[in-house]
**Student:** 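Would you mind keeping the following structure in view while I ask a few things?
The sequence lines fix the lettering, A, B, ..., with proteins before strands; numbering per chain opens at 1.
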Amino acid sequence: MKRLAIALGLMALAAILLLFLTRPSGLSSSDLPVHVQDVSNGELLFHAGGCASCHSSANTDSEPPVLGGGLAMETPFGTFRVPNISPDRGNGIGEWTTLDFVNAMNRGVSPDGRHYYPAFPYASYVRMNLTDLVDLKSYLDTLPVADNPNEAHELKFPWNIRAGIGLWKLVNLDAATVIAVPPENDQLLRGRYLVEGPGHCGECHTPRNLSGGLNIGRWLAGAPNPDGEGKVPNITPDEKGLADWSQGDIEYYLESGLTPDYDTVGGSMVKVQENMARLPEDDRAAIAAYLKAIPPLR
Amino acid sequence: MSRIIVSVILFSVFLTSNAIAGSDPIKARQHLMEDTRDAAKVVGGMLKGNQPFDADAAMAALNTWKKTATEAGDLFPEGSETGHDTEAKATVWTDRDGFNAEMEKFNVAVDAAIAANPDSLDALKAAAGPVFKSCKGCHEGYRVEKED
């Protein structure tokens, strides 16, 4: 009896320790860089990240975008409801400080100190520069407000326990870059930054492990379609991927939505491509160069 | 009893052969789409810098698109929903108004491109952009997703 009590006590202690070790932790204001906000750079990152694709209010295609959220994302874990990130003070992120925003994007932590679910792809955004995040926030602040309230996620047990996300982060949240590129090659560095960070390409094009994190060993080698049927294609330079596509083909695809066969982009890639079309030409070229430089995987 | 079975079989054969006879529009629209794509290759090849700009070749491609815009709408009659590996989605028939609206966007974009009479690469780029966008728009809702 006494032993059982000790065992239970130790288990409780271990659980508390684990929760403590995986508690939501953010940056403090002294971590923020001294930086003059650059709204147009923020807009570029907004398109690179395709924020509007998920956060636009339902059935709106307006310009500038209204980011009221509301989209239902069906996943094996349950239904996620995309939140309002318009600058509305009550229901959006209008009251957020730059630090709040940086902690959400970089650490997956909300202003009230809770873990965000990684359906919000902060596991990619963790690779973004803090100055870029400051700029992105300054751009979001210029967008129209939407005052609709957020809807709650509908998740299955045990995924509805937010504290468990701390454990997920321990395993899967890593700011390290995925692919090594020559440090003197500015184009590849830029391409890597856009693909691995804001562009969060790996979130769909890389398969996931059992814990729901990305299987880095299969980087961009294609994955089951999170929307249901079919597959998200392999975009490594393998025969099963983009081996037949020249760098120019990839650039032109991102710009126009046309494949080298002059077929059109389809599925959930349509919105991604339309966002990529709004990037500067050099950035599309950098993405294409990176995709031709990563290891081919079958 | 067996007579009923035989007549049922004969009737299905009749229906099937009718369906095959009625599937010519599928072939016709597939050819039209191939021509459309070939024209896109000409324009896209110039925009990509693979071929030099050629105003006459570009205009010929635009006219090919105009032919598609004029003819394609009639090549999706009732009864041509399946066969010949058609990639037309059921929505072409269940949401004909939406389909027609997308085709009309294509038509408007092609007319504007022809009217612009592009005489430079930049002009061609500006003229072809909305056309390509309309291709994508229609394929998105009215063509089956391809596995590759």
Side-chain angles (χ1 to χ4, degrees), chain A residues 53 59 61 63 204-205 221-236 238-279 281-282 284-285 288 298, chain B residues 30 32-51 57-58 61-62 64-65 68 72 85 87-91 98 101-103 105-106 109 113 121-122 124-148:
Chain A
S53 300
N59 304 319
D61 208 2
E63 198 58 47
C204 285
H205 286 281
N225 183 358
D227 294 343
E229 282 170 45
K231 278 171 58 184
V232 178
N234 181 338
I235 53 170
T236 72
D238 183 78
E239 269 172 51
K240 297 279 179 192
L242 299 184
D244 294 342
W245 293 43
S246 70
Q247 187 178 319
D249 287 338
I250 300 173
E251 278 181 61
Y252 189 67
Y253 170 80
L254 294 175
E255 182 192 335
S256 67
L258 294 167
T259 69
D261 294 335
Y262 292 90
D263 198 347
T264 53
V265 56
S268 40
M269 192 62 196
V270 172
K271 283 183 174 173
V272 179
Q273 178 269 317
E274 286 171 355
N275 292 324
M276 293 294 165
R278 304 180 64 160
L279 294 182
E281 207 173 317
D282 286 350
R284 283 191 297 273
R298 186 138 307 194
Chain B
Q30 285 171 339
L32 201 59
M33 282 300 147
E34 279 164 28
D35 293 345
T36 309
R37 174 198 298 229
D38 286 343
K41 273 183 193 170
V42 172
V43 174
M46 292 179 203
L47 295 182
K48 265 187 190 181
N50 295 349
Q51 276 109 43
L62 297 182
T64 303
W65 288 343
T68 306
D85 295 324
E87 291 173 359
K89 211 173 180 176
T91 45
E102 291 297 335
M103 286 301 269
K105 282 185 199 168
F106 174 62
L121 197 57
D122 283 342
L124 179 62
K125 189 172 184 172
V131 180
F132 289 143
K133 197 171 159 59
S134 71
C135 299
K136 199 166 60 179
C138 193
H139 289 169
E140 210 182 340
Y142 302 94
R143 185 178 67 164
V144 292
E145 269 302 304
K146 276 190 289 186
E147 279 279 345
D148 44 10

**Student:** Run the side-chain contact (heavy atoms from CB on, under 4.5 Å) test against Ala243(A) and tell me which residues pass, sequence neighbours left out.
**Tutor:**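 Residues passing side-chain contact (heavy atoms from CB on, under 4.5 Å) with Ala243(A): none at all.
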
**Student:** Taking all atoms of both residues into account, what is the closest heavy-atom pair of Asp261(A) and Arg37(B), and its distance?
**Tutor:**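 Here Asp261(A) and Arg37(B) meet closest at O-NH1, 3.0 Å.
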
**Student:** Please assess Thr264(A) against Arg143(B) for the test side chain to side chain contact (heavy atoms under 4.5 Å, CB included), listing each intermediate value before the final yes or no.
**Tutor:** CA-CA 11 Å; Thr264(A) 53; Arg143(B) 185 178 67 164; 3.6 Å; yes

**Student:** Could you tell me whether the side chain of Tyr262(A) and the main chain of Gly45(B) form a donor-acceptor pair under 3.5 Å?
**Tutor:**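 Flag set: sc Tyr262(A) to bb Gly45(B) pair under 3.5 Å.
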
**Student:** Pick whichever of His139(B), Met33(B), Glu140(B), Lys41(B) has the most heavy-atom pairs under 4.5 Å with chain A.
**Tutor:**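 Of the options given, most contacts go to Lys41(B).
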
**Student:** A quick test of your reading: do over 12 heavy atoms of other residues, nucleotides or ligands sit less than 6.0 Å from NZ of Lys125(B)?
**Tutor:**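 No.
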
**Student:** Apply side chain to side chain contact (heavy atoms under 4.5 Å, CB included) to the pair Lys48(B) and Leu258(A), showing each step before the final yes or no.
**Tutor:** CA-CA 11 Å; Lys48(B) 265 187 190 181; Leu258(A) 294 167; over 6 Å; no

**Student:** Glu63(A): which residues meet the side-chain contact (heavy atoms from CB on, under 4.5 Å) condition with it, sequence neighbours left out?
**Tutor:**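 Residues passing side-chain contact (heavy atoms from CB on, under 4.5 Å) with Glu63(A): Pro65(A), Arg278(A).
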
**Student:** Please classify the contact of Asn234(A) with chain B as side chain, backbone, both or neither, using a heavy-atom distance under 4.5 Å.
**Tutor:**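 Neither; nothing under 4.5 Å.
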
**Student:** Given a strict heavy-atom distance threshold of 4.5 Å, which part of Glu251(A) is in contact with chain B: side chain, backbone, both, or neither?
**Tutor:**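 Contact with chain B is absent: no heavy atom of Glu251(A) under 4.5 Å.
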
